[in-house]
Amino acid sequence: MCGIVGYVGFREAYPIIIKGLKRLEYRGYDSSGIALLDNGSIKLSKTKGKVVDLENRAKDEISLNGTLGIGHTRWATHGEPNDVNSHPHISNSGDLVIIHNGIIENYAPLKKELINRGYTFVSDTDTEVLINLIEDVKKNDGLKLGKAVRVALTQVVGAYAIAVFDKNKPNEIVAARMGSPLAIGVGEDDKEFFIASDASPFIEYTNNAIYLEDEEIAVIRKGKKIKIRKISDDSIVDPYIQELQLNLEQIEKDGYDHFMLKEIFEQPNAITDTYRGRMLVNEGIIRMAGIDDNLERFLNADRIIIVACGTSWHAGLVAEYVFEELSRIPVEVEYASEFRYRNPIITEKDVVIAISQSGETADTRAAIQLAKSKGAFVFGVCNVVGSTIARESDAGAYTHAGPEIGVASTKAFTTQITVLTLIALKLAKAKGAISNSDYHMHLRELELIPEKVKECLTLDNHIKEIAVVYKDMPNFLYLGRGFNFPVALEGALKLKEISYIHAEGYPAAEMKHGPIALIDEQMPVVIIATKKGHYDKVVSNIQEIKSRKGKIIAIVNNGDVSVREIADYVIEVPETLELLSPLLTTIPLQLLSYHIAVMRECNVDQPRNLAKSVTVE
Ligand code: M6R
């Protein structure tokens with residue numbers, strides 16, 4: 001998973017591409033590169049490191065002129081992150097240039113064949129194989145670039161979003177997609193075009209975009225209408241240009257030091273945006289077209305299977321507790337990566353809910369395809385509008401959290417829980433599994449959550465003080481019970497991924513079955529001990545930790561007395577219904593991870609080895 005940007009038009013391409021790459025760095029940031037077409041010659045600069053390193057290098061290395069160019073920010077798959085393996089890659093003749101997001105799975109036999117035909121390779125990448133394959137097809141079959149790319153792609157197995165240009169064609173870029181996202185920004189009167197992994201690199205230039213579908217190839221020429229064809233059979237596809245709602249403000253830091261912090265603080269609004277227009281509290285109505293139109297499928301389902309990865313999987317676990325509590329429909333939650341390969345029993349009476357912030361996660365997509373092939377009904381819960389999972393699902397609901405740029409998910413988690421809670425309440429009502437008064441009470445309480453999240457956010461300074469004390473600890477344990485067990489998992493994941501401290505999440509009561517052996521004065525234990533979640537049992541767990549000299553950071557409700565007496569630190573959050581408490585208890589855990597990571601001088605928004613959307617297996 002990498003970020004790609006391309007431009008052809010009347011403006012200088014370099015600043016557009018560099019700015020675009022910076023916006024896409026969340027997708028990969030171990031190396032980057034750019035190729036510009038300047039008066040018929042290719043100016044190439046690439047480097048290990050971030051886009052800012054590329055900027056420093058490019059200005060000394062190449063002329064920055066040209067109104068056509070492509071750029072890439074990489075998350076390495078084939079070949080270590082170094083200068084040579086960075087994209088763009090150039091074909092043997094020196095005419096063709098490519099950037100690629102994805103994996104060519106059959107690159108080894110293709111490479112062997114090309115070597116037999118006299119091609120040489122300088123990098124370890126699958127992408128260099130692809131550009132030479134395109135060149136070989138172009139030369140042997142005497143094809144134009146667009147045709148050659150299409151024919152070459154019919155020989156390829158794997159995933160890709162690519163952009164290719166030929167130095168002899170000053171106004172043309174060819175782009176194609178299979179499995180990795182690719183958006184084309186269409187400028188006024190077709191005078192300019194932008195290519196990118198998502199719309200953020202071009203949003204200040206145009207609101208009109210075409211999202212290529214899998215198996216599509218586009219020939220993009222300045223001043224001409226875009227031509228799109230199917231890769232497999234060369235049939236013509238009518239371009240569908242949509243108007244984007246995204247604006248520049250949403251993808252900038254807005255005065256915060258990091259996107260992650262901005263996104264943590266956006267949660268009150270994000271949660272409101274999730275239920276706005278859907279939850280009519282006074283009328284007692286929840287309106288969700290994706291559910292309304294398919295109500296029978298849900299009500300007649302034998303069970304709901306939730307598939308997801310990472311933080312989205314944790315939201316799925318919360319949803320399991322919520323669905324079973326409210327709507328009494330059996331729920332199973334699966335890692336998409338396990339589900340897709342373990343020959344699961346799926347029937348036409350199953351409803352599969354796929355949760356994904358990006359809507360592009362490869363394992364979740366594969367799980368959906370498997371479920372669909374067995375006749376299950378697939379409902380997508382995505383954040384990114386128009387994303388692949390949103391399009392491939394039978395129906396769905398967006399979380400409306402707005403762009404999440406920080407690699408660590410924060411507002412995606414709370415808005416996923418919000419939308420899943422709305423669904424659970426709606427089904428509970430339709431099934432008659434909840435009394436009228438309980439139903440209304442839940443709506444009223446959910447409406448209060450954004451204000452209560454705001455209150456949690458005022459704890460920021462207090463949490464920073466706690467972070468100072470524990471930032472150098474090598475391990476952390478996170479414990480929670482019931483609805484807050486997944487929150488413990490999520491808290492541990494947040495700490496691991498951004499501060500590189502080892503952390504484990506456990507159900508509090510499981511501690512005595514093993515993890516208790518780890519506890520000593522070097523082990524901070526973050527434990528969720530809110531009033532309505534088996535409070536007395538959790539207090540006993542806290543005592544057990546204390547008597548083994550563990551350090552206790554407890555998330556409690558306002559005014560708590562018992563835990564305060566035992567814990568080293570308490571963080572007080574407002575009370576709410578037990579099943580809504582994850583929306584509050586997760587906030588201090590996000591802030592704790594954030595501050596610890598900042599104090600350890602980690603790159604919070606772009607942690608090492610990670611990328612925002614995992615579009616490879
Ligand atoms: O875009 P998705 O929700 O499908 O992504 C799933 C995971 O890759 C993602 O949640 C990942 O675990 C985050 N880095 C967690 O903060």
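Every number for a ligand or one of its atoms is a count from 1 in the order of the listing.
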Starting from [atom], what is the nearest protein heavy atom, named by residue and atom, and what distance separates them?
{"atom": "atom 4 (O) of ligand 1", "result": "Thr361 OG1, 2.4 Å"}
{"atom": "atom 14 (N) of ligand 1", "result": "Glu497 OE1, 2.9 Å"}
{"atom": "atom 12 (O) of ligand 1", "result": "Gly310 CA, 3.3 Å"}
{"atom": "atom 8 (O) of ligand 1", "result": "Val614 CG2, 4.0 Å"}
{"atom": "atom 7 (C) of ligand 1", "result": "Cys309 O, 3.7 Å"}
{"atom": "atom 1 (O) of ligand 1", "result": "Ser358 OG, 2.6 Å"}

Quiz item: Does Ser200 offer a backbone N or O that forms a donor-acceptor pair with the side chain of Arg23 under 3.5 Å?
Solution: yes
Subset of ligand 1 atoms that lie under 4.0 Å from at least one heavy atom of [X]:
{"X": "Val407", "value": "13 (C), 14 (N), 16 (O)"}
{"X": "Ser409", "value": "15 (C), 16 (O)"}
{"X": "Ala408", "value": "16 (O)"}
{"X": "Thr311", "value": "10 (O), 12 (O), 15 (C), 16 (O)"}
{"X": "Ser356", "value": "1 (O), 2 (P), 3 (O), 4 (O)"}
{"X": "Lys494", "value": "15 (C), 16 (O)"}
{"X": "Ser312", "value": "2 (P), 3 (O), 10 (O)"}

Quiz item: Parallel, tilted or perpendicular for His87 and His72, by the 30°/60° rule?
Solution: parallel
Practice problem: Measure up the Tyr321 and Phe483 rings against each other and bin them: parallel (under 30°), tilted (30 to 60°), perpendicular (over 60°). | Solution: tilted
Quiz item: Between Asp273 and Arg276, is the closest basic N to carboxylate O distance under 4.0 Å?
Solution: yes
Quiz prompt | Lys48/Asp30 salt bridge by N-O under 4.0 Å criterion | solution = no
Exercise. Give the intermediate values and the outcome of salt bridge (charged side-chain N to carboxylate O under 4.0 Å, His left out) for residues Glu332 and Arg303.
Key: CA-CA 8 Å; Glu332 288 168 26; Arg303 60 182 174 161; 3.0 Å; yes
Exercise. Determine whether Ile346 and Phe339 make a side-chain contact, defined as any pair of heavy atoms from C-beta on separated by less than 4.5 Å.
Key: yes
Quiz item: N/O to N/O below 3.5 Å, does that happen between Gln416 and ligand 1?
Solution: no
